[in-house]
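Quick note on labels: first sequence line is chain A, next is B, and so on, each numbered from 1.
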Amino acid sequence: MSETSTPSNFIRTLIDGHLADGRYDHVHTRFPPEPNGYLHIGHAKSILLNYGLAQAYGGQFNLRFDDTNPLKEEQEFIDAITADVKWLGGDWEDRLFYASDYFEQLYQWAIQLIKEGKAYVDDLTAEEIRQYRGTLTEPGQNSPYRDRSIEENLDLFERMKQGEFPDGSRVLRAKIDMAAPNMNFRDPVLYRILHAEHPRTGNEWCIYPMYDWAHGQSDSIEGITHSICTLEFEDHRPLYEWFIENLGIYAPQQIEFARLAITYTVMSKRKLRRLVEEGYVNGWDDPRMPTIRGLRRRGYTPETMRNFAETIGVSKANSIVDIELLEHVLRDDLNRRAPRAMGVLRPLKLTITNYPSDAIEEFEVPTHPQDKENDEMRVVPFSREIYIEQDDFMEEPPGKYYRLAPGREVRLLGTYYITCDEVLKDEAGNVLEVRCSYDPESRGGTTPDGRKVKGTIHWVSAAHALDAEVRVYDRLFTQPNPDNVADDEDFTVNLNPNSLEVLTHCKLEPNLETAQVGDSFQFMRQGYFVKDQDSTDGRPVFNLTVGLRDTWAKMQPK
RNA sequence: UGGGGUGUCGCCAAGCGGUAAGGCAGCGGACUUUGAAUCCGCCAUUCCCAGGUUCGAAUCCUGGCACCCCAGCCA
């Protein structure tokens, strides 16, 4: 499925047009994150879109950190983001840039604007600026400092840069139109005074450019042809074009698309931060988080991410993707790559009464039974006492249940047919053990008489089982749209209290002993699991990546 | 009551004047040593609504309606 060509989208259509009419003769994109947090799957969509476009058109892709606010940005995030983009497969080659690389140029351009009477230093307080800005329906008023002389502006701006003034005392603003219907044109702030240490420029600067002043010009400097961003920047585009035009510099084309939203999750940095800081999850890389690190630890692969990005497409319509689509792409990827193994999550002891107590048989079973091209086999030990899944036995089975039950015969995956003869229970009626007899004739899973069994269940030899902890994850929220809450509540009321269930003493087939952290397996009939970094020598830990589709569960009344 | 956007199947999403792609979900069925996977079939006489132009409109025009974004010295 990954070999089919990428479906068209409005961005490709626009680019094709630009290439056809000669506006650009190549494609150069970029991903411009602010290093103030960790990347999530929404960023992945953007990264893959930008990088994918560069690839598709034989162009280039830059990674640029828009580090214009030293109050919020940290080197830790620069490192994390860099690693995440790399993991996704985004390749910026030698083009790793920072908006801070352009601080001097941006400063010179600001002076250029001042000299042309298009920018001025404003002494109004932040609160006053807000009041002077007007509202959505009323025009703003000019600042009393708007008509300072060019000389005075130049002098004041220079002194702002020299550190003569305290934070917040003055700003540099573009002189455009306080009555503009587009709020972005009401004399936007270009520079603010911030005596703060910057992760990259240290204390070299105490005035920092606003994002709007830095972003478009950074793209221009880098020769970006298509500046792809999200919808909320749509009405900033005219401002960026105003800057570019008044500075007389190269003009990229900005194109906006709808950001990603997925059901049963939240995507804003602010909310993700709350989940971490308020302890609803165990860190940014908690496998329940939609962060790249979380998804990676959960068992997602870069290929899954690419297929997902391609499957959802890109458009300008606000939309919320059904998480089942993500899960489908995930399973599709893992089904093809994950070796099979047997693991019993909730063990029920089963004794095969007519099987010799000291015998151990080794069965060869296929590791990729779904793949005709791959006939790799592995060996699993079999003995008299085994564990089966509690769900695979019912004392009083409902109709259509065709796993083990008193008097019923089922196949133990890859080995023998067994029939349940006896159920051992405690005083409370809990099933402690089931006792069965096997048919030696059924070795390998078929019998000479050709009789069929409806159920096939997985198992693990008790004496050989690898004891493990398995973390069973569910959706983080119980509502498709966690933000849909009453006025006096917030999204945390929709948190799923059962999003994590820790199972200990799960019984895994011994082959899993050699699994490495990050290795994925399909525990047959259950789902895909990945070995977690919390594993220790004696105690492996596996995370549930996603369960197999379960049509049996679906047909059960709730 | 300002400006900028968006409205095609339950959810994504192609379509760009020639008579509604595809995926997910769902529903049937086949197959099955994973109730998985795979395979087959079904699933929008209709494109937010109303007019208009045209031989012909989801696509063009006009007028509505709904939803999203903008009033940080955040990005």
Taking OP1 and OP2 of [N], is either one under 4.0 Å from a side-chain nitrogen or oxygen of [X]?
X: A:T137; N: B:U1; answer: no
X: A:S319; N: B:A13; answer: yes
X: A:R525; N: B:G35; answer: yes
X: A:R259; N: B:U6; answer: no
X: A:K554; N: B:G26; answer: yes
X: A:R192; N: B:A75; answer: yes
X: A:T68; N: B:A75; answer: yes
X: A:T551; N: B:A36; answer: yes
X: A:H328; N: B:C24; answer: yes
X: A:S8; N: B:G15; answer: yes

Under 6.0 Å from the ring centre and within 45 degrees of the ring axis: does the NZ or CZ of [X] meet both conditions for the six-membered ring of [Y]?
X: A:R64; Y: A:F97; answer: no
X: A:R173; Y: A:Y120; answer: no
X: A:R443; Y: A:Y417; answer: no

Is there a donor-acceptor pair under 3.5 Å between the side chain of [X] and the backbone N or O of [Y]?
X: A:S442; Y: A:D439; result: yes
X: A:H40; Y: A:M267; result: yes
X: A:E310; Y: A:R306; result: no

In whole Å, what separates the [atom1] atom of [N] from that of [M]?
N: B:C60; M: B:C55; atom1: C1'; answer: 16 Å
N: B:G41; M: B:A21; atom1: P; answer: 15 Å
N: B:A20; M: B:C43; atom1: P; answer: 14 Å
N: B:C11; M: B:U45; atom1: P; answer: 16 Å
N: B:G2; M: B:G10; atom1: C1'; answer: 37 Å
N: B:G7; M: B:C48; atom1: P; answer: 9 Å
N: B:U46; M: B:A57; atom1: C1'; answer: 12 Å
N: B:U8; M: B:C12; atom1: C1'; answer: 12 Å

Taking atom [atom2] of [N] as reference, at what distance in whole Å does atom [atom1] of [X] sit?
X: A:D322; N: B:C24; atom1: CG; atom2: C1'; answer: 7 Å
X: A:E310; N: B:A21; atom1: CD; atom2: P; answer: 21 Å
X: A:D392; N: B:U34; atom1: CG; atom2: P; answer: 13 Å
X: A:D123; N: B:C73; atom1: CG; atom2: C1'; answer: 13 Å
X: A:F65; N: B:C74; atom1: CZ; atom2: C1'; answer: 18 Å
X: A:I193; N: B:C73; atom1: CD1; atom2: P; answer: 14 Å
X: A:R403; N: B:A36; atom1: CZ; atom2: C1'; answer: 12 Å
X: A:R331; N: B:G23; atom1: CZ; atom2: C1'; answer: 15 Å

When all nucleic acid strands are considered with a 4.0 Å heavy-atom cut-off, which category describes [X]: base, sugar-phosphate, or nothing?
X: A:Y402; answer: base
X: A:T415; answer: nothing
X: A:A126; answer: base
X: A:K372; answer: nothing
X: A:P238; answer: nothing
X: A:K454; answer: nothing
X: A:R173; answer: nothing
X: A:Q522; answer: base
X: A:I262; answer: nothing
X: A:I320; answer: sugar-phosphate
X: A:V453; answer: nothing
X: A:T446; answer: base

inquiry  = The test is salt bridge (Lys or Arg N to Asp or Glu O under 4.0 Å); show your working for A:D391 and A:R403 and say whether it passes.
reply    = CA-CA 9 Å; A:D391 280 354; A:R403 276 111 93 152; 5.1 Å; no
ask   = Taking the inter-plane angle between the rings of A:F542 and A:F521 on a 0 to 90° scale, is it parallel (under 30°), tilted (30 to 60°) or perpendicular (over 60°)?
value =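 A:F542 and A:F521: perpendicular rings.
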key: ring pair (Phe, Tyr, Trp, His ring centres under 6.0 Å) partner of A:Y107, chosen from A:W213, A:Y102, A:W205   =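 Of the listed residues A:W213, A:Y102, A:W205, the ring pair (Phe, Tyr, Trp, His ring centres under 6.0 Å) partner of A:Y107 is A:W205.
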Consider the side chain of [X], meaning its heavy atoms from C-beta on, and name the nucleotide among [options] that approaches it most closely.
X: A:R340; options: B:G5, B:G7, B:U34; answer: B:U34
X: A:L413; options: B:U34, B:G4, B:U6; answer: B:U34
X: A:I312; options: B:C12, B:G5, B:A75; answer: B:C12

Under 3.5 Å for both donor-acceptor distances, Watson-Crick or wobble: does [N] have a partner, and if so which one?
N: B:C67; result: B:G5
N: B:G35; result: none
N: B:C11; result: B:G23

query = Does a donor on one side chain and an acceptor on the other come within less than 3.5 Å for A:E409 and A:Y438?
reply =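 No, no side-chain donor-acceptor contact under 3.5 Å.
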ask   = Do A:Q522 and A:Y528 have side-chain N/O donor and acceptor atoms under 3.5 Å apart?
value =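 Yes, because at least one side-chain N or O of A:Q522 sits under 3.5 Å from a partner of the opposite role on A:Y528.
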key: Position toward the 5' end of RNA chain B (nearest nucleotide), A:D122 or A:L412   = A:L412
task = For A:Y401 and for A:P209, find the nucleotide of RNA chain B with the closest heavy atom, then tell me which residue's nucleotide is more 5'.
result = A:Y401
ask   = Do A:Q526 and B:U34 share a donor-acceptor pair, side chain to base, under 3.5 Å?
value =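 Result: no qualifying N/O pair found.
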task = Indicate yes or no: does A:R192 engage A:D167 in a salt bridge with an N to O separation below 4.0 Å.
result =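 No.
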message = Quick check on B:G72: syn or anti? Syn means the glycosidic torsion is within 90 degrees of zero.
response = syn
note = Letter by letter from the 5' end, nucleotides 66-72 of chain B scores (B base, S sugar-phosphate only, - none; protein heavy atoms under 4.0 Å) --SSBBS
